[in-house]
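These notes concern the structure reproduced below.
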Amino acid sequence: MLGIHGDNAPMNTEHPAFVWTIAGSDSGGGAGIQADLATIQDLGCHGCSVVTTVTAQSSVAVTLVEPVSAAMLMAQLTTLLSDLPPKAIKIGLLADQTQVALLADWIASFKIHYPSVPVIVDPVMVASCGDALAVDNCQDIKSAAKSALDFKPFKGLIELITPNVLELGRLTHSDVSTKAQFAAAALALSQSLDCSVLAKGGDVSFGSTDILDDTHAQTHDNTYAQTQANVHVIALDSNGWDLELAEDYLVCRQVRASSKLHQNGRFWLASQRVNTPHNHGSGCTLSSAIAAVLAQGFVLQDAVVVAKAYVSQGLSAAIGLGQGPGPLARTGWPNDVSRYAKINLCDSNFISHQLNQHLDVGNDLVATVLSATDQATAQVRIASTQPQNILSHGFKVLDADLGVYPVVNDLTMLESLLAAGVKTLQLRIKTDISELTTAGLAESDLGKSALSRCESGKSKSGEPELIGSELEAQIQTAIALGKHFNAQLFINDHWQLAIKYHAFGVHLGQEDLAVTDLAAIQAAGLALGISSHSYFELLLAHQYSPSYIALGHIFPTTTKQMPSAPQGLAKLKHYVALLQDHYPLVAIGGIDLTNLAKVKATGVGNIAVVRAITKAKDPLAAFAELSQAWEQCSLSEELAVKHELDAKHE
Ligand SMILES: Cc1ncc(COP(=O)(O)OP(=O)(O)O)c(N)n1
Ligand SMILES: Cc1nc(C(=O)O)sc1CCOP(=O)(O)O
Ligand SMILES: [Mg+2]
């Protein structure tokens, strides 16, 4: 029987989120339930456990595996649900097909009441000492090692499955020796279970190796900013794996609350390989970390990158405790960006677009990009999100802090703000009338001049020249005004015009990155600001080394229709912790005088605002008031809010 709370139950925001692990007990304490609970607590949640199986296990052997009874399995689930409803569930070791069936039935009923609680399955089959764990009838541990449970009953009920290379091969009944086969199998598994798949390449056994002079290929550098010229030596094995990296393949399938751009994306996530024998429980740690991050409201792609960084940190600090592989160290929420994976987008449309636009075969960067389905034989070269000839130093450094950064769509207002001494501004003219009206905005909201521009331009269907010339004139004037007042003027979207008239900078969204000649922006010496709405987008922005990164939207906004959820202060604080030492960061979305102190308390250095200035009776006075409040935001208030936020996370 299910509990009574359902998804609409009032949430007590004071207590940590409850995360369940439904898994096996490892008597050695390095993996299974024991590793899961340690991970869940280390990442700020409260862990509850449902034991499926008791294993007699040490760091060197598994000597007995005994499933709990069906009655005990169900009793744990029912008892927990009535009191400690989960925000996320991780499923680990299931001993036999009966447990798979029981649990699938239970999850089907659970999901009726809790449709948005994510379920992650780690299809555990073999312990790190090499002994089998999923043992039908527990008769013969060794011979069972080659069989695999059938996870089909979970089809459509789970959000993510996280097989390693061995598990992926068994689940898909396919040869996954090459990197291409591995990616194709992950895609097939995603289709057959109707869920996202994180296929873990950390355990691949390398074939014969091949050292390639990568002068004509993209770099796989382990630091984000390329520190050398486009010359790099890559050690690939004969199956296409990079020997220096731990490469996972993430296939997203209708990821909830994610921006449309990445909802169904496919990505290679590459981290520096940590060479340690002490990796006992790394799969358990990864999947329970994903559950713990999801439970705190992050999207799936974010949970995966944070969890992968957590495992990387844990492996680096691991020490041996028994005579075999030791457990991972518990090192807290990962805030060191160098621990995070480099993300390579594998969405075929995105890549082919980039290739057509930017990759010049005659140039010194050449990539062979093969989609997951057509890369059967050759060595795989993955298109990076830094595929263009962007130089290693990144984009122009800002002359001054952004501070309070007004975003306006009107030249009159732009000029009056500049004349009043505002030193950083953005001109954001949207030329797509359908975009403006889908945001549900009235003419008065848009500003008359913006709407008449769009109407006269008929941007979707006709007369592009007219809107082009009007738009060009407005942008040219804005840039001239920016120069006249010696300000950092950013042009939103219209990067060609920004280059043509030598603007200080350009602001781009994530979807713009695929259709923009970033190398041209860099070569012209313009600054670049990039939007982000998640850890994942933050890391993608980071891979371009921009001049600043925007973090949005923090609070609900009516200025534009947002494809993702408001991030809130707790997430903002995490994002700031990750990148504040690397870039100017600017928070945007719903920020005004009433919430500015709380935003500042997260540590973010700058805020961008639209309505707080453009809708004010006196925009100049509003700017002055916001700036003064931002600068003088009393330290004691900041500390009080900081304390409040910290308390929520401890
Ligand atoms: C400072 C700042 N941050 C974010 C945005 C949003 O930019 P983008 O994602 O390109 O969306 P549009 O503004 O084009 O709708 C911004 N403009 N400025
Ligand atoms: C233009 C824009 N971009 C956002 C993002 O999150 O990328 S939020 C936003 C609108 C911000 O307007 P206001 O200050 O009126 O809420
Ligand atoms: Mg834009």
Side-chain angles (χ1 to χ4, degrees), residues 259-262 398 401-410 413 424-441 445-447 450 454 459 471 475 488-498 504-516 518 521 527-534 537-538 540-541 544 546-568 571-572 575 583-596 599 604-616 619 622-623 626 630:
S259 73
K260 284 216 173 67
L261 192 61
H262 300 135
L398 297 180
D401 285 349
L402 298 161
V404 175
Y405 172 16
V407 177
V408 303
N409 68 357
D410 184 277
M413 185 162 309
T424 304
L425 283 109
Q426 182 184 133
L427 181 68
R428 177 177 178 269
I429 298 177
K430 303 310 281 188
T431 50
D432 185 340
I433 189 69
S434 65
E435 183 175 337
L436 291 166
T437 49
T438 49
L441 304 175
D445 293 326
L446 296 170
C454 295
S459 66
L471 178 72
I475 288 176
Q488 305 184 124
L489 179 74
F490 284 83
I491 302 297
N492 186 268
D493 296 346
H494 305 289
W495 56 273
Q496 293 99 329
L497 293 173
F504 180 85
V506 177
H507 184 93
L508 296 175
Q510 298 267 329
E511 59 289 340
D512 303 323
L513 297 173
V515 293
T516 300
L518 295 173
I521 295 174
L528 174 68
I530 300 182
S531 298
S532 73
H533 306 91
S534 60
E537 291 189 357
L538 203 59
L540 285 169
Y544 292 94
S547 313
Y548 72 79
I549 300 180
L551 311 163
H553 56 309
I554 306 307
F555 304 114
T557 179
T558 53
T559 298
K560 70 179 272 197
Q561 196 176 43
M562 297 302 303
S564 46
Q567 298 299 298
K571 286 193 188 128
L572 176 61
Y575 303 150
Y583 298 95
L585 299 175
V586 52
I588 185 169
I591 299 173
D592 58 26
L593 266 184
T594 66
N595 53 32
L596 171 148
V599 174
V604 73
N606 311 279
I607 49 171
V609 292
V610 180
R611 287 165 304 148
I613 287 177
T614 61
K615 293 291 169 53
F623 175 81
L626 283 162
W630 185 250

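Counting starts at 1 for both ligands and their atoms, following the listed order.
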Taken to the nearest 0.5 Å, the spacing of I613 CD1 from L425 CG works out to 8.0 Å

Sequence neighbours excluded, the answer for side chain to side chain contact (heavy atoms under 4.5 Å, CB included) partners of P566 is H553, P556

N595 and G590 have their tightest heavy-atom pair at ND2-O, 2.9 Å

Closest heavy-atom pair, E537 versus S259, reported as atoms and distance to 0.1 Å, is OE2-OG, 3.1 Å

Which of V586, I607, T424 passes side-chain contact (heavy atoms from CB on, under 4.5 Å) with V404? Answer is I607

Side chains of H533 and M562, heavy atoms from C-beta outward: is any pair under 4.5 Å? yes

Between I554 and A587, the two heavy atoms sitting closest are CG1-CB, 3.9 Å

Sorted by chain and number, sequence neighbours left out, side chain to side chain contact (heavy atoms under 4.5 Å, CB included) with D401 holds for N606

Quick look: D493 vs ligand 1, heavy-atom contacts under 4.0 Å, and the answer is side chain

Here the pair of heavy atoms bringing L398 nearest to F490 is CD2-CZ, 3.7 Å

Ligand 1 to D512, heavy atom cutoff 4.0 Å, flagged ligand atoms 10 (O)

### Query
Relative to the ring of Y548, is the ring of Y405 parallel (under 30°), tilted (30 to 60°) or perpendicular (over 60°)?
perpendicular

Ligand 1 to L508, heavy atom cutoff 4.0 Å, flagged ligand atoms 10 (O)

Could you say whether the N/O atoms of G509 and ligand 1 ever approach to under 3.5 Å? yes

Review point. Does any N/O atom on Y405 come nearer than 3.5 Å to any N/O atom on ligand 1?
Key: no

dist T558:OG1 -> R611:CZ (nearest 0.5 Å) comes out at 3.5 Å

Under 4.0 Å from one or more heavy atoms of R428, ligand 1 contributes atoms 12 (P), 13 (O), 15 (O), 17 (N)

On a heavy-atom basis, the closest approach of P619 and M413 is CG-CE, 3.8 Å

Between the CD atom in Q567 and the CG atom in L551, the distance rounded to the nearest 0.5 Å is 8.5 Å

Taking only non-hydrogen atoms of Q426 and a 4.0 Å limit, the atoms of ligand 1 in range are 1 (C), 2 (C), 16 (C), 17 (N), 18 (N)

Given a cut-off of 2.8 Å, the protein N, O or S atoms lying below it from the Mg ion (ligand 3) are D493 OD1

Smallest heavy-atom separation, V407 atom then T614 atom, equals O-CG2, 4.0 Å

If we number the atoms of ligand 1 from 1 as shown, the ones under 4.0 Å from a heavy atom of K430 are 12 (P), 14 (O), 15 (O)

Sorted by chain and residue number, the residues with a non-hydrogen atom under 4.0 Å of ligand 2 are R428, H533, G552, H553, T557, T559, K560, M562, I588, G589, G590, V609, V610, R611

query: Any side-chain heavy atom of D512 within less than 4.5 Å of one from H507?
result: no

Checklist entry - Would you call I491 and L497 a side-chain contact if the rule is heavy atoms closer than 4.5 Å? => result no

Hey, does Y548 come in under 3.5 Å of ligand 1, counting only N/O atoms on both sides?
no

Next on the checklist: Please check whether N492 reaches ligand 1 - meaning an N/O of the residue sits under 3.5 Å from an N/O of the ligand, judged on distance alone.
Outcome noted: yes

A student checking ligand 1 against A608 at a 4.0 Å heavy-atom cut-off should list atoms 1 (C)

Return a yes/no value for S531: is any of its N or O atoms, backbone included, closer than 3.5 angstrom to an N or O of ligand 1? yes

Logged contact type for Q510 with ligand 1, heavy-atom cut-off 4.0 Å, is neither

